[in-house]
2 protein chains.
Amino acid sequence: MENPLGEGGEGLHDWLVALKAWRELVGMEGGEENDSDAVVREENANVGAEIMGRGKFGPPSRGAWGEDPWQGWWGDEPPFHKPVFVLTHHEREPLTMSDTTYTFVTDGIQSALEQARAAAGDKDVFIGGGANVINEYLGAGLLDVLELHLVPILLGGGGARLFEGIEPDVTLKQIRVLEAPGVTHLKYRVVK
Amino acid sequence: MENPLGEGGEGLHDWLVALKAWRELVGMEGGEENDSDAVVREENANVGAEIMGRGKFGPPSRGAWGEDPWQGWWGDEPPFHKPVFVLTHHEREPLTMSDTTYTFVTDGIQSALEQARAAAGDKDVFIGGGANVINEYLGAGLLDVLELHLVPILLGGGGARLFEGIEPDVTLKQIRVLEAPGVTHLKYRVVK
């Protein structure tokens, strides 16, 4: 509960939380405006809905949601400001926190994508993670662009690995690399 | 024997073999002069000796070398042009191919490093891989700089993973990122 990203995992986001673009998303003033700031703005600019795994929404305990279910790691003012679709095996009524509504999807990644597309209108759908969720969409041929923010931190064993189980027939084309303080922003197109 | 880097693995080096810097190393004319060319020149500029695993020298068959042992993947004119120290569990006399002498080291990574340092004089020692060898030196605190050439190819399962088994107390600091055609050049300092 105290280390949702694993011990030391918060360091993966040190570059992010310092940014003006991030602080705006969480209702704070100030912050750095560097190359990372522009990347975050670009990444969010045309997104109309997000899909995430249950682990990005709440603690990794599994099973039914229970009577006093978790309201999300993200608090009363989530940074998403758009419809969020949470993949889970357990039904739950939609939850609205400020201007973010979480919809819980129990019938798979294709259904979540359809619902997110409908919610996004002519904007993009963002697959927010974790790694297992991205792997599922990538393996199913449903990703168009893969954007990675590479931070040189080693977290030890036990985590989910991006690209685990993805077959060599998935082809990526490097479309943009950007060096910024403490992070490398990598952008690939999935060739179809 | 036909796919020393695994099926499709040669694609990892497409960016490299096109370069003028590489073609010079293997005695060929022509080639591209782009940002990758400069990276390869810089990487090799101050190297006085290389350490590699047995798999970079020869086929992954293990055991004693036998009576007609493999002369190296690299042919009669190896691209190294410097002393090479091959980690192996099986003794073998040194092998000279053109201006490269392979010395086979059976008493571990520390011994290989000491021998390579002596051979390199005041130049650097290059740990050429594979991943398991780099992991061993990194985990033992014996690497100063980690230089990666990231190519977006998925090779399927069964390969060695860089960083496998490395503990979180190994700290890397990003010191240079460079985008080039089909590859991202990443350079990290190991913080000590």
Side-chain angles (χ1 to χ4, degrees), chain A residues 3 5-12 14-15 34-36 39 131 134-135 138-139 141 143-191, chain B residues 3 5-12 14-15 34-36 39 131 134-135 138-139 141 143-191:
Chain A
N3 289 296
L5 296 173
E7 280 180 39
E10 297 290 338
L12 291 173
D14 282 351
W15 66 273
N34 56 26
D35 284 343
S36 289
V39 166
I134 296 169
N135 288 343
L138 182 60
L143 279 196
D144 299 308
V145 172
L146 186 64
E147 189 149 8
L148 305 178
H149 310 289
L150 182 64
V151 176
I153 290 180
L154 299 167
L155 292 177
R161 292 179 190 267
L162 194 64
F163 300 124
E164 183 82 53
I166 305 298
E167 296 295 320
D169 58 358
V170 171
T171 303
L172 303 173
K173 184 172 163 50
Q174 175 178 299
I175 52 178
R176 192 261 291 134
V177 175
L178 205 58
E179 176 177 15
V183 61
T184 299
H185 303 291
L186 301 159
K187 198 168 181 177
Y188 299 99
R189 184 180 305 118
V190 184
V191 180
Chain B
N3 290 295
L5 296 172
E7 280 180 38
E10 297 290 339
L12 291 172
D14 282 351
W15 66 272
N34 56 26
D35 285 343
S36 289
V39 166
I134 295 169
N135 288 343
L138 181 60
L143 280 196
D144 299 307
V145 172
L146 185 64
E147 187 151 8
L148 305 179
H149 310 290
L150 182 64
V151 176
I153 289 179
L154 299 167
L155 293 177
R161 294 178 190 268
L162 194 64
F163 300 126
E164 183 82 54
I166 305 299
E167 296 295 321
D169 59 357
V170 172
T171 303
L172 303 173
K173 183 172 164 51
Q174 174 178 299
I175 51 177
R176 192 260 293 134
V177 175
L178 204 58
E179 176 178 17
V183 61
T184 299
H185 303 290
L186 300 158
K187 198 168 181 176
Y188 299 98
R189 184 179 306 117
V190 184
V191 181

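Naming: A, B, ... by sequence-line order, numbering from 1 per chain.
In this structure, A:L154 CG and B:E164 CD are separated by 11.5 Å, a value rounded to the nearest 0.5 Å. Note: B:L186 CG to A:L186 CG = 7.0 Å, rounded to the nearest 0.5 Å.
When each of A:P152, A:G165, A:A180, A:G8 is scored by its heavy-atom pairs under 4.5 Å with chain B, the top score falls to A:P152. Here B:R161 is the residue among B:R161, B:E167, B:K173 with the most heavy-atom pairs under 4.5 Å with chain A.
Looking at B:V183, the atoms closer than 4.5 Å to chain A (heavy atoms on both sides) all sit in the backbone: N, CA, C or O. B:I175 touches chain A through its backbone: at least one of N, CA, C or O sits under 4.5 Å from a heavy atom, while the side chain does not. For B:L150, the parts sitting under 4.5 Å from any heavy atom of chain A are the backbone and the side chain alike.
A distance-only check finds no donor-acceptor pair linking the side chain of B:E179 to the backbone of A:E179 [under 3.5 Å].
In terms of heavy-atom proximity, B:G156 sits nearest to A:P168 at N-CG, 3.7 Å.
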